[in-house]
Amino acid sequence: MPAITLPDGAVRSFERSVTGTQVAEAIGPGLARVALAMEVDGELRDLASEIDHDAHLRFITRRDPEALGMIRHDAAHVLAEAVQELWPGTQVTIGPAIENGFYYDFYRNAPFTPEDFPAIEAKMREIIARNAGFEREVWPRADAIAFFEARGERFKAELIRDLPESESISIYRQGEWLDLCRGPHMRSTGDVGGAFKLMKVAGAYWRGDHRNPMLTRIYATAWRDDKELAAHLHQLEEAERRDHRRIGREMDLFHIQEEAVGQIFWHPKGWRLYSTLIDYMRRAQIRGGYEEVRTPQLVDRSLWEASGHWDKYREHMFIATVEDEDKTLALKPMNCPCHVQIFRHGLRSYRELPWRMAEFGACHRYEPSGALHGIMRVRGFVQDDAHIFCTEAQIAPETARFVAMLAETYRDLGFDSFRVKFADRPEQRAGDDATWDRAEAALIEACRLAGVDYEHNPGEGAFYGPKLEFVLRDAIGRDWQCGTLQVDYVLPERLDASYIGEDSARHRPVMLHRAVLGSFERFLGILIEHYAGRFPLWLAPVQVVVASIVTDAEPYAQEVAARLRASGLAVEVDGRNEKINAKIREHSLARVPVILVVGRKEAEARTVAMRRLGGEAQTVFGLDEAGAALIAEALPPDLRRLSAA
RNA sequence: GCUGCUGUAGCUCAGUGGUAGAGCACUCCCUUGGUAAGGGAGAGGUCGUGAGUUCAAUCCUCACCAGCAGCACCA
C-alpha cells in the first residue's frame, strides 16, 4: 500500500500499486490533463508505469525543464515512424534528443534531401494528430533480436545484442509502429505538439566510428510551443548574422584563397585588430612575469621523434625537404619542444624556477579538409603559447596565478564569465600510470588551492598530461573552449630537461603548457561573432571616420584626422563627393564606432559633430575636447587601469 | 578524411546545349547636398580546373580543386 509523497509534502496513500495516471486523476482532473510523465524518487518514468512502494513523486508538465527533452525524444520516434511509412525498407538506428532538438539516423540507399522535408513533416503531423498512446512492453532478448532481424533492421538487432544481459529489452509502441527504446515517453504522440521543424540532412557514421557505414541523419528542432520555436529560429538567424566569415568580408578584415587553404590573408584592418590583441597579450604577459622568446619554424624531424610527436602526429605535420641536404624538417605544429631547447641551453638552477617562457608561436598543422572553418579552424595560426618550467610544488601557485591572468583577460575582452573543465587521462597516452596519478593529483590540488570549481571531463586530457580547459560564453550564449593549462611530466623527461636543485643534484622540471586565447585566429573569430563586428573603441579596426559635408570642409576634416592620428587613433577621412546621408549609412554598415561630421559650421568654429554607432543623436564638441575624450576611451582596459592607479 | 550539397562580375544572385544577365560595389560626369542610399554614363566575366560526349558545352558525363553543412579529427 504505497504512500506517495508529493513535492508540496502532501502524502497520498493507495490500497495497491498505482500508475502515475491514477495518482494524477486522484489529485484532480486538471493535473491529469497536463501531466506528461513523472519523476519517481528522482527517476523519470512513464505516467503509465506502476508504483508499488512508498515514493516521492513529481509530475512533469509541459512547463518543467524535463519536458523539453521528452518532447524531442518523442518527436524523434514520430520522425522515424513517418520516414518508415513514407519509405518502407528504410532502416532505423538511433534518434536522441540533443541541444535545441533531436536527430534520427537512418540507413537507406539514397540519402534524404531537404526537398523531402515537407512530406516528412506532413506525415509527422498526421501521426501526432492520430495521438496514439506510447505503450511500453518488455520483450525477451532473443525475441527482440529475431523480430528486428526478420524486419531487416540489422542496426537495431545489433544494438540489442550489445545491451548488457542485465538490461531488460523495452519496446515502445505507438499505434502500429514500434521501436526499441529505453524510454521514458510522454502519454501519446499528441503530446509532441506542433512546434518542431526539420532542419537539415547530414551524413553520420554508425556509432560515430568512421570505419562504419555512413548513415543519413535528419536534424530537427523541437520546442514546447511555437513561440519558443520562433525564438530559436531567430537565434539561428542571429548566429548567421554574426558569422565571422561574413563580417570579415564586410569589414574587409581578411580573406582566404585556394593557393593557401586554411591560412589567412590579413588585410590592413584585420591586422590592426590582430596586432591590438597581440599588444594587449604581450603587456599581460610582461605583467605576469613571462619572458618572450622566438623559436624556429622549421625543425629537424629528430626533435619531433624525440618529443614523440613524429609518431603520433606525423600525418598532420607539414614536412619540408631540401635537395642538397639529406634532411627532413617539419614546420612546427607547436612550440613546446623548441622551448625545452632554450631551457636545456645551459645549466639551469632551481633559483630560475618557475621560468615562464612565452611565444606568439606561429604553428602549422595539416588539419583534415573537413575541419577547416573560416579563421576559426585553420592550418596556419599563432598561439599565445607559454610553458612554465617549475617544480612540482610550484604547480599550484602557478595555476592560481594563471587563472587570475586568464580571468582578467577574458573580462577585458568582454566576456563576463567562464567555466573550467578538468580533463583527465585519455586512452592513448604517453607516460606511465604512476606519473599520471601524480600529474592529475597535482592539478586537482592546484584547483583546490586556487579556489577553482571545475566540471569533470573524463578521458579528454592531452596525450602527455591532464589539463584544465577554460570555456567562455559569448553574447548569444554559445560556449567556446579557449584557455588551457596542461601539466606535463613527460616531455621534460623525453627531451631531457633538468635543473640543479638546492641539493646540487639534477632534477626534472614539470612543464605547464598554457594558453589564454588559444590561437589568435580562432579567438578573433570568436571575438568578431561575440561583438557582431561592433567592437569597443579600443579594438575597432577603424576607430573614427571624419566625414565632410561639403568639399570646402575637407581640409578641416584632414586636419581633425591628422590630430587624432597623431595620438594613435585609427582614423579615416571620407571626403568623397557623396551626400552626408550616404556616408553615414556606409560607415555605420561598416561598423565604425565613431563618425565625426564636419561641415562649414564646424570648420569655422573648430568643432566636430560626433555620432556614435547605433545612436541617432549627434553631439557637437570642441576639437580638443573630442580628441581628449576619444583618446581616453580608446585606451585598452589594462592601460586604463594603470593610468587610473 | 567521410557523406551530401554548391562553384556564373569584387559581393549577393538570376540564366541558357548555339561562348551570358541584374542589383550593389568600381570609374567618369553632373550635383556641394547637414546625420542610414542624389542623378546619369561607362567599364568589368576564357561561367572553379582538366578530360569526355556532341556539329556545337558555362549548361550533359567523369575526375580533380575549393567552399558550405554534418560526422570523424583537434598535440
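Computed from a predicted structure; not experimentally measured. Order of the sequence lines sets the chain letters (A, B, ...), proteins ahead of strands, with each chain counted from 1.
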Could you check whether A/Trp223 and A/Thr221, counting side-chain N and O atoms only, form a donor-acceptor pair closer than 3.5 Å? yes
Listed nucleotide nearest any side-chain atom of A/Ala609, set B/U35, B/G7, B/G38: B/U35
To the nearest angstrom, how far is A/Gln257 atom CD from B/G48 atom P? 17 Å
If I take atom CD1 in residue A/Ile595 and atom P in nucleotide B/A37, what distance separates them, rounded to the nearest angstrom? 12 Å
Between B/C62 and B/C68, how far apart are the two P atoms, rounded to whole Å? 24 Å
A/Ile584 CD1 to B/G38 P: how many Å, rounded? 12 Å
Can you measure A/Trp206 atom CH2 to B/U3 atom C1' for me and round it to whole angstrom units? 17 Å
Whole-Å gap separating P (B/C64) and CD (A/Glu258): 15 Å
Candidates B/A37, B/G33, B/C65 - which lies nearest the side chain of A/Arg600: B/G33
Just verifying a value: how many Å separate A/Cys482 SG and A/Leu406 CG, rounded to the nearest 0.5 Å? 9.0 Å
Nearest to the side chain of A/Gln618, heavy atoms from C-beta on, is which of B/G33, B/A36, B/U35? B/U35
In B/S/- notation, 5' to 3', how is nucleotides 67-75 of chain B contacted by protein heavy atoms closer than 4.0 Å? SSSBBBBBB
Minimal non-hydrogen separation, A/Ala442 against A/Tyr489, with atom names: CB-OH, 4.1 Å
Take the protein atom CG of A/Asp574 and the nucleotide atom P of B/A25, then report the distance between them rounded to whole Å. 13 Å
Output, in order, the C-alpha distance, side-chain angles, deciding distance and verdict of side-chain hydrogen bond (donor to acceptor under 3.5 Å, both in side chains) for A/Tyr464 and A/Gln486. CA-CA 9 Å; A/Tyr464 48 72; A/Gln486 306 167 7; 2.3 Å; yes
Rounding to the closest angstrom, what is the interatomic distance between B/G7 and B/U12 at atom C1'? 14 Å
Charged tip of A/Arg217 within 45° of A/Tyr103 ring normal and under 6.0 Å: yes
Can you find a side-chain donor-acceptor pair between A/Tyr205 and A/Arg207 that sits under 3.5 Å? no
Strictly by Watson-Crick or wobble contacts shorter than 3.5 Å, is anything paired with B/C74, and which nucleotide is it? none
So which nucleotide does B/G44 pair with, by the Watson-Crick or G-U wobble rule with both distances under 3.5 Å? none
Re B/U12: Watson-Crick or G-U wobble partner, both distances kept under 3.5 Å, found to be B/A22
Determine the Euclidean distance between corresponding C1' atoms of B/U58 and B/A9; express it in Å to zero decimal places. 14 Å
Decide whether A/Asp474 and A/Trp480 meet the rule of one side-chain donor and one side-chain acceptor closer than 3.5 Å. yes
What is the distance, to the nearest angstrom, from the CZ atom on A/Arg591 to the C1' atom on B/A36? 14 Å
Name the pairing partner of B/G4, where a pair is Watson-Crick or G-U wobble with both distances under 3.5 Å, or state none. B/C68
Ignoring backbone atoms, test whether A/Asn581 places a side-chain nitrogen or oxygen under 4.0 Å from the OP1 or OP2 oxygen of B/U35. no
Given that both distances must come in under 3.5 Å, which nucleotide forms a Watson-Crick or G-U wobble pair with B/U32? none
Determine whether the side chains of A/Gln481 and A/Arg522 contain a donor N or O and an acceptor N or O closer than 3.5 Å. no
In this structure, how many angstroms lie between the C1' atom of B/G33 and the NZ atom of A/Lys579, rounded? 5 Å
When both hydrogen-bonding distances must be under 3.5 Å and the geometry is Watson-Crick or G-U wobble, what is B/U61 paired with, if anything? B/A51
Opposite nucleotide pairing with B/A56, Watson-Crick or G-U, both atom distances under 3.5 Å: none
